[in-house]
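Here's the structure we're looking at; comments come further down.
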Amino acid sequence: MKIKKSKKIASHGAVIVICDAGSLPEAPGLLSEGRALLEKKSREEYSTLSYQQLDRHYLFAFFPSKEDSPKSLEKARLAGLKVLQLAKDNALDEISVCRFHDTPKLSLAVIEGIVLGSYRFEKYKSKKGSPEPTKITLIDPQWNESVLGEFQNLLGAVFLSRDLVNEPQNTLTASKLSKEIVKAGKDAGFKTEVLNKKKIESLKMGGLLAVNQGSVEEPTFNILEWKPAKAVNKAPLILVGKGVVYDTGGLSLKPTPASMDMMKCDMAGAAMMIGAISAIAANKLPVHVIVLIPATDNRPGLNAYAPGDIITMFDGTTVEVRNTDAEGRLILADALAYAKKFKPSLVIESSTLTGAAVRALGTIAIAGMGTADEKVMRDLHESGRQTWERIIEFPLWDEYGEEMKSEIADLNNLGGPYAGQITAGKFLQHFTDYPYIHLDIAGPAFLPSKNGYQCAGGTGIGVRLVYDFVKRHYKV
Ligand code: BES
Ligand code: ZN
Ligand code: ZN
């Protein structure tokens, strides 16, 4: 979708007018009949009102005065979705966004709702759905073209992340994922190094190799880097993403078809970090960022690793495998230990790691936990609220680590029946020696059916969150 700025609205198309509920809105081009209607109707906060005047379809969206709370921004995204629907219902190609409210961010949030709501994954459909509007015109003196360009790059990165998650395992193997990363790097401007199986073997990444054993596809370990000349951080920010392109559970096979059929989403953590670095590089943020992605599928092939195996990880830690379905933590452990060599100032890792996170929070929130300082946590929570990709924090108390010990190895990979999202976090923490955040996105990464501006399938969760966090935390 093309977004451009203008001073006036077109004579035809859909027009969303962002209004202050406290005063009678001005509405560009509205004739007396429309004005009279506006005067008559109640202007309840967060309500909308649609009105057609010749070839122009208005949607008035009312927001509380002087309000820029995260809730208002989210309501603005949903109003964006409404005007998108209005445009589609009336086969209109263009949507104008005008603001008569003192919170400039509402305009961008409306556009966000329109663009994110227009996403479709139709690559494999012979018959495409009805076309989406293609043009958004922003009538708002606050925002200049460069902000719109930045915004478009960010939303493009969310689409990239959604596309990667929606791509099934028969087309997106670990090697293909690496190819997609290299391509994304060329598009956005970051560098990629792909380590192949031989190299992974020579590095003795025992977690990644064990998980890959049952597969006919080779694993990859991907190192993405955005290193701008004038970076504000001396030590890099490292982002780690789980890249299990398909999770059958391995020999501890997933018990029901329902638990397996969406498991192409098990690389959503990787997709999130690929999207994040794409947006950061495309917008040339002056922050040094490295992304690490261990990638493989998890299958019960002839040579598959088995419950009872003891494996030696990249950093020498030994792990008793009690369940091959707890594979994410094994490949991530190697990546987290590998991250130490960069002496990072902060590591944020994201993964569709546990069913426990889904049971605790559903698809609404991200389960977060970590050892980073309070300022990092505060900024991350604020980014979560601003982007509506909200985080609920769980504790990494020592007591939770007890269940991850083993009688015969340093750790076991299963833990007990309760608080699985935390015990998984404790397992991962073992491999870190730097400020660390773990985000379990198993719930919100993939939706069985459409919800608001998130379509069914990959949601691209976390891309906007990390981008907002980087800007906020590094003040860039
Ligand atoms: N990929 C799954 C977690 C998952 C569940 C992602 C639901 C998305 C939606 C992960 O590898 C897994 O299977 N975890 C197990 C761990 C358990 C065996 C300790 C789980 O949570 O059941
Ligand atoms: Zn699993
Ligand atoms: Zn998994």
Side-chain angles (χ1 to χ4, degrees), residues 174 177-178 181-182 185 190-212 218-229 231-244 269-270 272-274 276-277 280-281 285-296 311-319 327-351 353 370-373 376 396 410-411 413 425-439 466 469-470 473-474:
L177 177 62
S178 295
I181 295 171
V182 171
F190 63 82
K191 258 183 12 192
T192 307
E193 187 186 357
V194 181
L195 310 187
N196 62 15
K197 184 174 180 187
K198 233 170 124 190
K199 182 76 189 167
I200 295 166
E201 280 169 344
S202 75
L203 287 171
K204 299 197 168 66
M205 290 188 164
L208 179 54
L209 289 165
V211 174
N212 180 253
E218 299 213 336
T220 63
F221 189 87
N222 306 275
I223 304 164
L224 298 59
E225 184 170 30
W226 166 246
K227 192 174 186 187
V232 296
N233 53 336
K234 281 208 183 73
L237 163 68
I238 298 195
L239 308 173
V240 178
K242 172 175 173 183
V244 171
M272 163 172 159
M273 297 316 189
I274 297 164
I277 195 174
I280 290 166
L285 297 190
V287 180
H288 182 196
V289 179
I290 295 171
V291 175
L292 302 177
I293 294 171
T296 179
I311 59 177
T312 304
M313 312 294 279
F314 172 72
D315 73 348
T317 302
T318 56
V319 176
E327 83 298 339
R329 61 198 73 184
L330 300 176
I331 71 168
L332 290 168
D334 282 348
L336 292 173
Y338 189 81
K340 290 180 191 170
K341 79 168 194 166
F342 298 103
K343 304 214 173 336
S345 50
L346 172 66
V347 175
I348 304 176
E349 165 273 314
S350 171
S351 43
L353 202 64
T371 57
D373 66 30
V376 169
L396 279 183
D410 300 333
L411 295 175
N413 78 330
K426 288 305 287 181
F427 181 93
L428 294 175
Q429 186 194 347
H430 173 91
F431 298 88
T432 66
D433 67 355
Y434 38 68
Y436 168 56
I437 303 281
H438 161 58
L439 301 175
V466 171
F469 169 78
V470 168
H473 191 66
Y474 296 95

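- Here the closest heavy-atom approach between residue G243 and residue I293 is recorded as CA-CG2, 4.3 Å.
- Taking 4.5 Å as the limit, some side-chain heavy atom of E201 sits within range of a side-chain heavy atom of L209.
- Across all non-hydrogen atoms, the minimal contact from P294 to G241 is CD-O, 3.3 Å.
- L239 pairs in a side chain to side chain contact (heavy atoms under 4.5 Å, CB included) with only one of the listed residues (I290, I274, V466), which is V466.
- S345 has its side chain within reach of Y474: a pair of non-hydrogen atoms, C-beta onward, lies under 4.5 Å apart.
- Here the CE-CE distance, from M205 to M313, works out to 10.5 Å after rounding to the nearest 0.5 Å.
- Not a single donor-acceptor pair under 3.5 Å links the side chain of N233 to the backbone N or O of V287.
- The line from NZ of K340 to CZ of F431 is 8.5 Å long, rounded to the nearest 0.5 Å.
- Inter-residue side-chain proximity for K242 and E327 is flagged as met; some heavy-atom pair is nearer than 4.5 Å.
- Side chains of L195 and T220 form no contact here, defined as non-hydrogen atoms less than 4.5 Å apart.
- Atom CZ of F190 is separated from atom CD1 of I181 by 7.0 Å, given to the nearest 0.5 angstrom.
- The NE2 atom of H430 sits 11.0 Å away from atom CG of L336, with the distance rounded to the nearest 0.5 Å.
- With contacts defined as side-chain heavy-atom distances shorter than 4.5 Å, the pair L224/W226 does not qualify.
- A donor-acceptor pair is defined here as one N or O able to donate and one able to accept, closer than 3.5 Å; no such pair exists between the side chain of K191 and the backbone of G185.
- Judged by distance alone, with hydrogens and angles left aside, the side-chain atoms of D334 form a donor-acceptor pair with the main-chain N or O of L208 at under 3.5 Å.
- Here the side chain of D373 pairs a donor or acceptor atom with the backbone of V376 at under 3.5 angstrom.
- Using a 4.5 Å heavy-atom cutoff, the side chains of F221 and L203 are not in contact.
- Looking at I437 and F469, their side chains never come closer than 4.5 Å, going by heavy atoms from C-beta outward.
- A salt bridge is defined here as a Lys NZ or Arg NE, NH1 or NH2 lying under 4.0 Å from an Asp or Glu carboxylate O, and E218 with K198 fails to meet this definition.
- When side chains are defined from C-beta on, M272 counts as touching L439, because their heavy atoms get closer than 4.5 Å.
- Using cut-offs of 30° and 60° for the angle between ring planes, the H438 and Y436 rings count as parallel.
- The minimum heavy-atom distance between E349 and M273, with the atom names listed, is C-CE, 4.3 Å.
- N222 contributes no side-chain N or O that, together with a main-chain N or O of V194, makes up a donor-acceptor pair within less than 3.5 Å.
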